[in-house]
There are 2 protein chains.
Amino acid sequence: MSTIDQTKERLLEAAGRVFAERGFRSATVREICHAARANLAAVNYYFGDKERLYVESVKRAHSRRQEAAPMPDWSPETPPDVRLRDFVLTMLKRILGDPQCDWQAQLMFREMQQPTAACRELVEEYIRPHFELLQAIIGELSPAAMTDQQIRLVAFGIVGQCLYFRVAEPVVRQLVEQSEFAQVEPRRLAEHITRWTLAALGRQEYVLPECVTGQRPKGAT
Amino acid sequence: MSTIDQTKERLLEAAGRVFAERGFRSATVREICHAARANLAAVNYYFGDKERLYVESVKRAHSRRQEAAPMPDWSPETPPDVRLRDFVLTMLKRILGDPQCDWQAQLMFREMQQPTAACRELVEEYIRPHFELLQAIIGELSPAAMTDQQIRLVAFGIVGQCLYFRVAEPVVRQLVEQSEFAQVEPRRLAEHITRWTLAALGRQEYVLPECVTGQRPKGAT
DNA sequence: TATTGTTTCAAACAAATGTTTTATGCGGGT
DNA sequence: ACCCGCATAAAACATTTGTTTGAAACAATA
């Protein structure tokens with residue numbers, strides 16, 4: 001019993017990494033089994049075929065990511081701007097995560113761009129609730145004149161900003177210097193995006209205090 | 001001579017579509033040749049091997065996209081907010097394009113996420129100049145207190161918002177209703193993102209006139 | 001110890017796929 | 001008429017790859 005779970009577990013872990021790096025089709029069962037220190041036939045033994053292993057590994061990656069960075073449960077009187085900041089930070093933590101679990105996010109992005117029929121349910125069960133939560137938060141922060149459609153666009157904009165740093169990471173890394181890229185991390189980005197959003201909504205000015213940016217203002221002597 | 005270019009051309013076109021849809025590894029030479037109405041050996045005859053065909057097709061897709069939606073050359077006295085709007089609109093046109101040339105954008109995104117060594121030059125020759133142009137425009141619109149690092153974050157944010165609708169298209173399509181998704185098109189998005197940015201910079205209020213959104217304000221009778 | 005169910009392993013198979021080869025048709029120049 | 005360069009076509013080749021198979025190793029149990 002225990003040995004079953006061990007190899008099955010190693011297989012899921014290794015499959016996640018390999019699928020994330022190579023994509024479903026390009027990943028080979030042989031590479032996965034080798035990475036999992038398992039025999040070639042193990043995949044078919046435990047999962048039937050390559051595709052079911054893929055589905056399982058995607059689900060696994062997602063749940064791991066979610067429990068690694070859970071959404072905080074706010075008290076009823078938590079102000080919406082705090083909730084916005086928490087939401088963005090949580091999202092960024094899940095997306096950028098530590099490089100150790102990097103593949104989990106990568107794997108989900110692949111799935112988002114070319115959804116497998118089996119995994120499309122992820123959107124309904126997981127993404128849509130989060131997206132509606134974000135819309136609700138923005139709605140509370142917005143003037144009454146904002147339409148639902150506008151709120152949706154704002155929500156997409158926030159998500160897009162978060163995702164960009166992960167999805168186009170190689171490009172970002174090449175565009176900014178190494179030292180600056182190292183500072184692209186969840187807390188700083190969440191602060192920027194939150195302030196940026198609040199400023200656009202007319203809630204406050206967009207000014208990042210020096211202690212956060214670690215840089216002097218332009219033109220300062 | 002003319003026939004040479006014809007099949008070579010068809011090969012490049014077909015390869016672009018197939019590579020965009022399936023990725024380099026998953027795309028088969030047979031499928032490409034079939035789509036191009038060419039013989040199986042044509043790829044090796046004209047390009048040597050599959051990989052060089054891929055590189056050529058990426059370059060081709062990129063230049064096609066660029067000439068399809070060129071950056072306007074502004075007169076010196078064009079105000080920065082107009083330039084921002086133009087920049088965003090041009091970018092969105094290239095990204096969202098008409099569904100006919102959809103694969104060109106798709107292909108470049110694949111390349112951005114998993115850069116081939118041969119194609120990494122695209123960033124230097126093409127993306128970096130555009131990125132610096134965007135930074136310059138934002139710089140003109142920003143208060144002097146903004147640091148270069150903050151400007152870069154803002155620029156990444158704008159690019160991220162634009163890319164999101166394309167990169168996560170399947171998800172967006174599933175999240176919003178069909179009728180609303182049809183309205184996700186360059187002009188409307190450019191208007192939203194530009195106004196949003198200007199509002200965050202304290203340049204103007206973020207209010208989209210009804211004639212643009214086509215929706216009545218929340219709570220209107 | 002013998003038995004039974006489970007897991008691992010090495011080998012083999014069949015299909016897919018990138019590449020090469022060889023042959024065929026075609027046009028123009030000598 | 002003959003030859004030569006070039007484009008196309010069909011077949012063949014060598015790998016790769018997902019999957020299957022049958023035996024061996026192992027653990028638990030009676």
Side-chain angles (χ1 to χ4, degrees), chain A residues 1-61 103 107 110-111 114 116-119, chain B residues 1-61 103 107 110-111 114 116-119:
Chain A
M1 282 294 173
S2 68
T3 55
I4 302 182
D5 299 337
Q6 277 184 16
T7 40
K8 202 172 176 182
E9 208 68 18
R10 268 178 303 157
L11 230 35
L12 277 172
E13 170 92 5
R17 293 180 188 275
V18 177
F19 280 136
E21 191 174 336
R22 302 231 191 287
F24 172 73
R25 186 92 184 273
S26 304
T28 74
V29 176
R30 280 172 172 80
E31 185 179 0
I32 292 171
C33 288
H34 179 75
R37 302 192 312 278
N39 185 268
L40 174 59
V43 163
N44 299 71
Y45 178 74
Y46 283 109
F47 299 94
D49 59 9
K50 184 185 176 186
E51 187 165 3
R52 254 168 299 175
L53 169 62
Y54 175 74
V55 174
E56 290 297 317
S57 68
V58 169
K59 287 184 177 173
R60 165 64 52 100
W103 57 274
L107 186 55
R110 282 194 183 277
E111 196 53 31
Q114 296 198 317
T116 309
C119 292
Chain B
M1 284 293 175
S2 67
T3 53
I4 303 180
D5 298 337
Q6 277 183 17
T7 41
K8 202 173 176 181
E9 209 67 18
R10 267 179 304 160
L11 231 34
L12 277 172
E13 170 91 5
R17 292 180 188 276
V18 177
F19 280 136
E21 191 174 337
R22 304 231 190 286
F24 173 74
R25 186 94 183 271
S26 304
T28 74
V29 175
R30 280 172 172 81
E31 184 180 1
I32 292 171
C33 288
H34 180 75
R37 302 192 311 279
N39 185 268
L40 173 60
V43 164
N44 300 71
Y45 179 74
Y46 284 108
F47 299 93
D49 59 8
K50 184 185 175 186
E51 186 165 5
R52 254 167 300 175
L53 169 62
Y54 175 75
V55 173
E56 289 297 316
S57 68
V58 169
K59 287 184 177 174
R60 165 64 51 99
W103 57 274
L107 187 54
R110 284 194 183 278
E111 196 54 32
Q114 295 197 315
T116 308
C119 292

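So that the names make sense, note that chain A is the first sequence line, chain B the second, and so on, each numbered from 1.
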For the pair made of [atom1] in [X] and [atom2] in [N], what is the distance, rounded to whole Å?
X	N	atom1	atom2	answer
A:Glu51	D:dT17	CD	P	18 Å
B:Leu53	C:dT19	CG	P	10 Å
A:Gln6	D:dC26	CD	P	16 Å
A:Asp49	D:dT17	CG	P	17 Å
A:Tyr46	C:dT6	OH	P	12 Å
A:Phe19	D:dT17	CZ	C1'	13 Å
A:Ile32	D:dT16	CD1	P	18 Å

### Query
If only atom types and distance count, is the side chain of A:Lys50 paired as donor or acceptor with the main-chain N or O of A:Phe24 below 3.5 Å?
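Looks like yes, one N/O pair under 3.5 Å.
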### Pair A:Arg60 + A:Glu9, salt bridge at N-O below 4.0 Å
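Between A:Glu9 and A:Arg60 there is a salt bridge, with a charged N closer than 4.0 Å to a carboxylate O.
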### Message
Just to verify, what does B:Arg25 make a side chain to side chain donor-acceptor pair (under 3.5 Å) with, not counting sequence neighbours?
### Response
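Not a single residue meets the side chain to side chain donor-acceptor pair (under 3.5 Å) criterion with B:Arg25.
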### Message
Do B:Phe47 and B:Leu12 make a side-chain contact, defined as non-hydrogen atoms from C-beta onward lying under 4.5 Å apart?
### Response
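The answer is yes, as the side chains (C-beta and beyond) meet within the 4.5 Å cut-off.
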### Query
Is the shortest heavy-atom distance from the side chain of A:Leu107 to the side chain of A:Tyr54 under 4.5 Å?
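Heavy-atom side-chain distance check passes, below 4.5 Å.
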### Message
Among residues 35-45 of chain B, which ones have heavy-atom contacts with DNA chain D below 4.0 Å?
### Response
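Within this stretch, B:Asn39, B:Ala41, B:Tyr45 sit under 4.0 Å of the strand.
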### Task
Applying salt bridge (charged side-chain N to carboxylate O under 4.0 Å, His left out), run through A:Glu13 and A:Arg17 and close with a yes or a no.
CA-CA 7 Å; A:Glu13 170 92 5; A:Arg17 293 180 188 275; 3.0 Å; yes
Shorter than 3.5 Å, N or O on both sides, protein versus nucleotides 14-17 of chain C: list them out with atom names.
from: C:dT17; atom 1: OP1; to: A:Arg25; atom 2: NH2; distance (Å): 2.2

### Query
Can B:Lys8 be said to sit on top of B:Tyr45's aromatic six-ring, NZ or CZ under 6.0 Å from centre and within 45° of the ring axis?
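Relative to the ring axis of B:Tyr45, which defines the angle, B:Lys8 lies outside at least one limit.
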### Task
Determine, step by step, whether A:Phe19 and A:Ile32 satisfy the side chain to side chain contact (heavy atoms under 4.5 Å, CB included) criterion, reporting the C-alpha distance in whole Å, the side-chain angles of both residues, the deciding distance to 0.1 Å, and the verdict.
CA-CA 9 Å; A:Phe19 280 136; A:Ile32 292 171; 3.8 Å; yes
